[in-house]
Amino acid sequence: MNEKIQWLLVDLNSFFASCEQQDNPLLRGKPVAVVPMITDSTSVIAASYEAKICGIKTGTRVSDAKKMCPGIHFIAGGHKKYIEYHHQIIDAIDEICPVEKVLSIDEMACRLIGRECEIENAIVIAQKIKKNIIDKVGVCMTTSVGLGPNVLIAKIASDMMKPNGLVSIPKEKISEILGPLDIDVIPGVGKNNKYKLNSKGFYKVQDLMNISEHELRRAWGSIWGLRVGLELQGQDIELKKNETRSYSHEHVLSPDLRNTQGAYQILAKLLFKGAGRVRKNLKSISALGVYVRYLDHTCFEKSIQFQPSNDTTFLLNELKKMYPFMTNKKPVKVGVIMGGLSSANDHQFSFFDNPKNERMNKAMDIINEKFGANTLISGSFLNVTQHAKVKIAFNHIPTKDDEF
Ligand SMILES: [Mg+2]
């Protein structure tokens, strides 16, 4: 077997309820529901495994829970206690393998390296972590551990066997194991997203695998879908600093800009800003995607491909060509994604790049760097310089030059 695993994700089972059972041995083996306060009018925050068997879950109303499970114990939650357990759990995992990401109060992920990635070794590490949490934190602290090529797949794996599971999904097995499953096994696909995806013809995980970037964005109606799509293919797009593969910026329009021109100007500004970042990192892009979300929940999306370029004028022209000026709809949010990144030195001379523009871009970058980012700007968005302090999507750590 030479299958490799890159990430290990630990998910505590019924965490809040387990903490309560750990603290009070009289509650062990009994149905327990953690609630914000003891009253019939509230809902359950967390249910113990024994309560889950009766059908009680997060969100079940207390009055219903009493009917479904006579004799259930209600406990008012104590966050301080849960945070203490959270830290003890991290310490117990760290003793076996360093925690790289804390995803929530009851989910932690470790990146495996070297020989740890061999599947047999990864499984041994997972078993040791499970045991160490029980030994050091307490017998009620059972976990489901998922192993996978990235955090998303590891998370799905951890969800597949509860309680006390250990499931591994190596990259080679993703489509076999996950392909036939309903799309709501993907974290983040709740009722609404599922309905939306179904209405576009996506039902199974395999429907979202091996489709184009454009199709992915169409499926999800957002650039988040692109990331999920790549992760479902097993890519580990946990990016290290300066290893960005695409730049994306989005912006919710303020009420005064919720019109065709206002949205266009913000897009131009995001693109101008993005092109500057691309050049600063000595990169070029070969794909540009734009989307506009409207008040009526429809979305305009278009992406184009071209020879590598980082020329602001060229990109702004392309935006102008693809932007939907002829619409009466009210835009509420816009976004750009710049993909197909390559090193600016990798291409000699692009058909699109005009040497004059290159000199202008350089001058613009130098001046903006020296005197502040608003010193030299494009006429397309003169009216909106106070808007769109760039909010960056999933893969960018803000730097000084983002204070646009
Ligand atoms: Mg959990």
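Note: hydrogens, waters and symmetry copies are ignored here, and every other heavy atom, side chains too, is used. In each ligand, atom 1 is the first atom listed, and ligand 1 is the first ligand listed. As the structure is a computational prediction, the values presented were derived from the model and not from experiment.
- Within the sub-2.8 Å shell of the Mg ion (ligand 1), the protein contributes these N/O/S atoms: Asp11 OD1, Leu12 O, Asp106 OD2.
- Surrounding CD1 of Ile113 are at most 12 heavy atoms belonging to other residues, nucleotides or ligands under 6.0 Å away.
- Using a cut-off of 4.0 Å between Lys/Arg side-chain N and Asp/Glu carboxylate O, Lys191 and Asp184 are scored as not salt-bridged.
- Taking 4.5 Å as the limit, every side-chain heavy atom of Phe16 sits out of range of all side-chain heavy atoms of Val32.
- Checking side-chain atoms of Arg28 against main-chain N and O of Gln21 turns up a donor-acceptor pair under 3.5 Å.
- Contact annotation: the side chain of Tyr291 never approaches that of Phe300 to less than 4.5 Å [non-hydrogen atoms, C-beta and beyond].
- The existence of a salt bridge linking Asp40 and Lys66 is confirmed by a sub-4.0 Å separation between a basic side-chain nitrogen and an acidic carboxylate oxygen.
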